[in-house]
Number of protein chains: 2
Amino acid sequence: MATIKDVAKQAGVSVSVVSKALNDYEDINDKTKKRILKIAEELNYTPNLAGRNLSSKKRMTIGLISSAVFNTNKKDTNAYEVIKGIYTGVDEEQLELAIFLMDSQKQKQKSYTQFCRERNIGGAILHGLRTDDPYFKELLDTNIPCVNIDFRTDSQAENVGSVAIDNKTAGEEMADHLLTRGHRDIAIMAGTEETFVNIERLQGVKQGFEKHNVDFPESAVLYADFSEEKAYELAKDYLAEHRPTAFLCFSDLMVYGVMKAVTEAGLKVPDDLSLIGFDDIPFSAITHPPLTTVHQDFFEIGRQAAKLLMDIMKDYHFENHVVVDHELIERESVKDLNES
Amino acid sequence: MATIKDVAKQAGVSVSVVSKALNDYEDINDKTKKRILKIAEELNYTPNLAGRNLSSKKRMTIGLISSAVFNTNKKDTNAYEVIKGIYTGVDEEQLELAIFLMDSQKQKQKSYTQFCRERNIGGAILHGLRTDDPYFKELLDTNIPCVNIDFRTDSQAENVGSVAIDNKTAGEEMADHLLTRGHRDIAIMAGTEETFVNIERLQGVKQGFEKHNVDFPESAVLYADFSEEKAYELAKDYLAEHRPTAFLCFSDLMVYGVMKAVTEAGLKVPDDLSLIGFDDIPFSAITHPPLTTVHQDFFEIGRQAAKLLMDIMKDYHFENHVVVDHELIERESVKDLNES
DNA sequence: CTGTTAGCGCGTTCAT
DNA sequence: ATGAACGCGCTAACAG
């Protein structure tokens, strides 16, 4: 493989001139620059990244640190879309992406900071980490730029950002959707209690109830940790003693669990019981019935995270927290009680 | 961040001794080794990968070159599982994973060989590439170890391997499953014609027909390029003129397309028409009806690909082509015609 | 067993 | 505008 030396020799100049030609320096003759570029092309030269990484002050690689990939149900492809988005964003600016994935098992295996140092990482995108994760805090305390996905810290640090949809508003819209259609006995299948998105969505739902002057049913809030199985169990138990007209779920996956329990109870969706979900994972459009749910553009979330991080790294950003659009998609899992 | 120099200084030895201590060399005093390791620990030292990469002959990073990620339907999570498997395998041997993704658009943007050279990559896993891709051939022609997923070259090269299920046998099992249950008018929804897996599966299906002494319906073979939409279109057209008792599909995604056409034609699955698929993507278990399909363990395929590649890189392998188990999962989309 | 030296491929001063 | 020299952090020969 051709090195910078080969190009220099071929061009009859020193390596430093070649380096300057390649890196768009000003103090170089235009003709020699073109000549060098041409020779580099001919020799099929591309700079070795390890060499560049070592000598350059510029950090060219971005880290993705995620527990979302291995901690989720096989049907949950959200993290997949996020990664694609991140890759796309990083790729657009010709940077490298280094990936660090873990599950709860090896959560404590290696410090994220260490991961970043080892690779000369210039900034990291954090996805699915627990806020009480010590390594998470450690990383936030370094001056390595970070962007959190689906989580917003109070940290006023200039180099920490976040990307998410407006979960609160989305929660309010869900409640409004149900309430407007006459539902009054609503059970809430929430996610993991301490989680940022869960807190936001729940607040939003409460706001929705307030606007409609309906008492919020505190006792009808179930926490299923975003798990399909757990949602199934909880719904089954709940249905044994109650008969709500609707379940408001904080993820489509939990809707599937609930739907199973509903079906087993001999009830029909949406005739006997309505269901509204969150995420709009691809299959929610073809379930029976198709799901009414809040659509999240995970690809865009990932892409925006990459863009924000790169902006922070370049010290060229106006806002540390970007909000991606969401949309409540109305399909066929919610019945309008006013019509019957 | 602590460098090897800091450790050396602290330990009162030269850097080379530290290097040897860290890399398990023999010719080093056990006590000093332990002392160095302890100090490294205290200083929270971890070697910089760029430095190591540059000086070491050993290649520590593996490349994943895939067009499968961006070329597929959102419902298709096969490539996601493959990546998880690869990551897991690579991680187990403490190597790095560098990822190169492309879609058909930027297919020609950058040479895979170049990608590998730039990063001092020791071996690459290839997924979803077209066999007529010039960069694919170029890479195979270097002496960089390669493992193909779902594709087997004739190349007898020692450093080229492959991982896949036994697609031929799987195809035969599918045909057998249908034929045994009395189906005689079977349409085949095949994938992309020139594709390796497609060819293998088709051969297998033909073998199945032969074993049952049933003429293979050449004219009933449709090629839908593994696309849900295309399968829908083709099935719709086909159903306008024919009424087979079953569709044998080379992917679950295509089953979904066919199912849509079937439903629109006013037919019921499996009562009026049986469906058998391939892949067993997560949602095929909860469709209506649940799908009978050939289960592929994509995670394991990815993991085996990583393992095989690392074995080839260590020059410690006995077989260049590994076959991962598959299983025909019987659910409810195939009707037994003998019973009626 | 340890230290010295060289070099991996590149970016970056600082002279010239 | 160009080149010489240095260093990034590390491994690898080789000498002692």
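Letters go in sequence order (proteins before strands), and every chain restarts at 1.
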Whole angstroms only, please: what is the [atom1]-[atom2] distance between [X] and [N]?
| X | N | atom1 | atom2 | answer |
| --- | --- | --- | --- | --- |
| B:L22 | D:dT11 | CG | P | 7 Å |
| A:K9 | D:dA4 | NZ | C1' | 17 Å |
| B:K20 | D:dA15 | NZ | P | 13 Å |
| B:N120 | C:dG7 | CG | C1' | 14 Å |
| A:N23 | C:dG9 | CG | P | 17 Å |
| B:K31 | C:dT2 | NZ | C1' | 16 Å |
| B:R35 | C:dT2 | CZ | C1' | 11 Å |
| B:K58 | D:dT11 | NZ | P | 8 Å |

Using a cut-off of 4.0 Å on non-hydrogen atoms, how would the nucleic acid contact of A:V15 be classed: base, sugar-phosphate, or nothing? nothing

Presence of B:R52 side-chain N/O under 4.0 Å of D:dG9 phosphate oxygens OP1/OP2: no

Quick one: is A:Y25 getting a side-chain N or O under 4.0 Å of the C:dT12 phosphate, OP1 or OP2? yes

Nearest heavy-atom pair of B:D6 and B:M1: which atoms, and what distance? OD2-O, 4.0 Å

Please pick, from [options], the nucleotide with the shortest atom-to-atom distance to any side-chain atom of [X].
| X | options | result |
| --- | --- | --- |
| A:T3 | D:dC8, D:dG3, C:dC10 | C:dC10 |
| B:S55 | D:dG9, D:dT2, D:dA12 | D:dG9 |
| B:S16 | C:dT4, D:dG7, C:dC8 | C:dT4 |
| A:I28 | C:dG11, D:dT2, D:dT11 | D:dT2 |
| B:L54 | C:dC8, C:dG11, D:dC10 | C:dC8 |
| B:S56 | D:dC10, D:dA12, D:dG3 | D:dA12 |
| A:S19 | C:dT12, C:dC1, C:dG3 | C:dT12 |
| A:D27 | C:dG11, D:dA1, C:dT2 | D:dA1 |

If you assign each of A:K57 and B:E26 to its closest nucleotide in DNA chain C, which residue comes earlier from the 5' end? B:E26

Closest nucleotide of DNA chain C for B:N29 versus for A:Y45: which of these residues is on the 5' side? B:N29

For residues A:F196 and A:N148, determine if any side-chain heavy atom of one lies less than 4.5 Å from a side-chain heavy atom of the other. no

Would you call B:P145 and B:L309 a side-chain contact if the rule is heavy atoms closer than 4.5 Å? yes

Check: B:T46/A:Q114 side-chain N/O donor and acceptor closer than 3.5 Å: no

Would you give the length of the straight line joining atom CZ of B:F226 to atom CG of B:D76, rounded to the nearest 0.5 angstrom? 10.5 Å

Measure distances between side-chain N and O atoms of B:K5 and base N and O atoms of D:dG7, and say whether any donor-acceptor pair falls under 3.5 Å. no

Any idea how B:F299 and A:F70 line up, ring-wise: parallel (<30°), tilted (30 to 60°), or perpendicular (>60°)? perpendicular

